[in-house]
Undergrad: 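What follows is a single structure, and I will ask about it in a moment.
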Amino acid sequence: MRVGVLRAFLSRRYLGFWEAYLKALGVEVVRVEVPPARHQPYCLPVQELLAQVEALKAEGVDYLLLPDLQGAVESEKGGGQCPWLLDLEATLLRYFPGLPPVLKVPAELSERVLGRAGEVGHLLTQNPMLVGRALDRVRGLLKPPPPLKTPPGSVGVVAQPYLLEDESFRKAVEEALAREGLIPYFPDLPPEKLREEGDRLLPMDLPTDRELVGMVHYLHRLGRVKGLLLVVSYACPPIPGLLQKAARRLRKPYRLLTLGEDWGEALRGLKEELLGA
């Protein structure tokens with residue numbers, strides 16, 4: 001039995017447990033290292049996702065492990081109406097008609113995951129005793145990972161959670177700000193706390209939307225943060241529109257920027273505002 005897994009879309013939050021569990025079940029875990037399919041008309045994170053899925057499909061895996069980004073919450077107006085965030089499985093099925101069978105699992109860890117883990121184990125092994133032993137071995141891994149550390153900067157950085165979990169994205173932002181003598185401050189609260197922050201600013205339905213808006217509210221109220229950088233991974237209107245709606249409530253200087261574009265002029269303007277504040 002071979003199960004393909006993805007290093008993308010919040011994998012830092014859930015994949016450590018599931019990889020260990022699958023191996024404890026005697027299942028082969030398949031990862032791939034492939035460059036993004038840059039010819040695709042999608043943002044870079046989705047290009048990377050598609051390249052991995054295509055490679056796993058070519059590997060002939062029996063199942064594909066996918067994160068449930070929204071925790072089974074449904075909303076017609078959520079996710080900035082981005083199909084990759086609203087329903088990752090359904091969107092991939094439209095792109096890859098011959099997609100391997102999907103094992104959808106929560107994108108976060110808690111004791112509540114044990115029920116789904118048991119279901120997946122029984123499906124893959126049909127061996128209740130093996131499933132029980134495997135769960136006992138990995139139960140200690142259900143604790144959510146701590147937030148990534150942030151530099152002690154004065155420019156708060158807001159972006160979709162799947163971007164902020166990406167070390168290469170953080171490095172790119174740090175380097176862009178450093179060229180203008182600025183230092184970032186990434187949100188350092190757990191996801192559930194950021195969602196609570198979001199509910200105070202702009203109530204939303206989907207967890208990723210609540211978390212995104214919560215970053216705006218949290219960073220805006222921090223005294224050390226003097227300005228905000230709102231980053232989107234592509235210029236498609238929905239998600240920038242959601243951030244613009246939240247930004248209308250800000251009093252601190254901010255810039256809304258698209259990943260991959262030249263930020264120089266915008267960051268110089270932000271720096272001038274911060275120095276003049």
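Only a predicted model underlies this, so the values are computations on that prediction, with no experimental measurement involved. Atoms considered below: every heavy atom in the structure, side chains included; atoms not considered: hydrogens, waters and symmetry mates.
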Undergrad: Is the shortest heavy-atom distance from the side chain of Leu256 to the side chain of Gln244 under 4.5 Å?
TA: yes
Undergrad: May I ask you to decide whether Arg195 forms a salt bridge with Glu108, counting only side-chain N to carboxylate O separations under 4.0 Å?
TA: yes
Undergrad: What pair of heavy atoms forms the shortest contact from Leu270 to Leu228, and how long is it?
TA: CD2-O, 4.2 Å
Undergrad: Identify the heavy atoms of Phe186 and Pro151 that sit nearest to each other, and give their distance.
TA: CD1-CD, 3.7 Å
Undergrad: Go through the structure and list residues passing salt bridge (Lys or Arg N to Asp or Glu O under 4.0 Å) with Arg139, not counting sequence neighbours.
TA: Glu111
Undergrad: Under the salt bridge (Lys or Arg N to Asp or Glu O under 4.0 Å) test, which residues partner Glu265, sequence neighbours left out?
TA: none
Undergrad: Would you please name every residue forming a ring-ring contact (aromatic ring centres under 6.0 Å, His included) with Trp263, sequence neighbours left out?
TA: none
Undergrad: For the pair His220 (side chain) and Arg251 (backbone), establish whether a donor and an acceptor sit closer than 3.5 Å, ignoring hydrogens and angles.
TA: yes
Undergrad: Testing the basics here: between Pro187 and Met215, what is the closest heavy-atom pair and its distance to 0.1 Å?
TA: CG-CG, 3.7 Å
Undergrad: Which pair of non-hydrogen atoms, one from Leu164 and one from Arg170, has the smallest distance, and what is that distance?
TA: O-NE, 2.7 Å
Undergrad: Taking side chain to side chain donor-acceptor pair (under 3.5 Å) as the test, write out the residues that go with Arg221, two or more places apart.
TA: Glu197
Undergrad: Taking C-beta and beyond as the side chain, do Val3 and Val61 meet within less than 4.5 Å on heavy atoms?
TA: no
Undergrad: Hey, could you give me the CG/CG distance between Leu222 and Asp188, rounded to the nearest 0.5 Å?
TA: 7.0 Å
Undergrad: Using only atom types and a distance under 3.5 Å, with no angle test, would you say the side chain of Lys57 pairs donor to acceptor with the backbone of Pro100?
TA: no
Undergrad: For a quick check under 3.5 Å, do Ser11 and Tyr162 share a side-chain donor-acceptor pair by atom type?
TA: no
Undergrad: Could you tabulate the donor-acceptor pairs under 3.5 Å formed by side-chain atoms of residues 116-123, not counting sequence neighbours?
TA:
unit_1 : atom_1 : unit_2 : atom_2 : d
Arg116 : NE     : Lys104 : O      : 2.8
Arg116 : NH1    : Glu119 : OE1    : 3.1
Arg116 : NH2    : Lys104 : O      : 3.2

Undergrad: Excluding sequence neighbours, so at least two apart, what forms ring-ring contact (aromatic ring centres under 6.0 Å, His included) with Tyr14?
TA: none
Undergrad: Evaluate the salt bridge (charged side-chain N to carboxylate O under 4.0 Å, His left out) criterion for residues Glu167 and Lys149: first the C-alpha distance (whole Å), next the side-chain angles of each, then the deciding distance (0.1 Å), finally the verdict.
TA: CA-CA 11 Å; Glu167 292 281 8; Lys149 293 183 179 180; over 6 Å; no
Undergrad: Just jot down the side chain to side chain donor-acceptor pair (under 3.5 Å) partners of Tyr254, sequence neighbours excluded, or say none.
TA: none
Undergrad: For the residue pair Leu259 and Ser233, what are the closest heavy atoms and their distance?
TA: CB-CA, 4.0 Å
Undergrad: Applying side chain to side chain contact (heavy atoms under 4.5 Å, CB included), can you list everything that pairs with Ala178, at least two apart in sequence or on another chain?
TA: none
Undergrad: Should Pro161 and Arg13 count as side-chain neighbours, where that means a heavy-atom distance under 4.5 Å?
TA: yes
Undergrad: Listed by chain and number, what are the salt bridge (Lys or Arg N to Asp or Glu O under 4.0 Å) partners of Asp199, not counting sequence neighbours?
TA: Arg210
Undergrad: Not counting sequence neighbours, list each pair that qualifies as a side chain to side chain donor-acceptor pair (under 3.5 Å) and has a residue in residues 21-36.
TA: Arg2-Glu28, Arg7-Glu33, Glu19-Arg31
Undergrad: At their closest point, which heavy atom of Leu6 faces which heavy atom of Leu15, and how far apart are they?
TA: O-CD2, 3.4 Å
Undergrad: Would you say the side chains of Gln70 and Thr208 form a donor-acceptor pair under 3.5 Å?
TA: yes
Undergrad: Who are the side chain to side chain contact (heavy atoms under 4.5 Å, CB included) partners of Ser154, not counting sequence neighbours?
TA: Lys226
Undergrad: The criterion is salt bridge (Lys or Arg N to Asp or Glu O under 4.0 Å); which residues satisfy it with Arg12, sequence neighbours excluded?
TA: Glu165
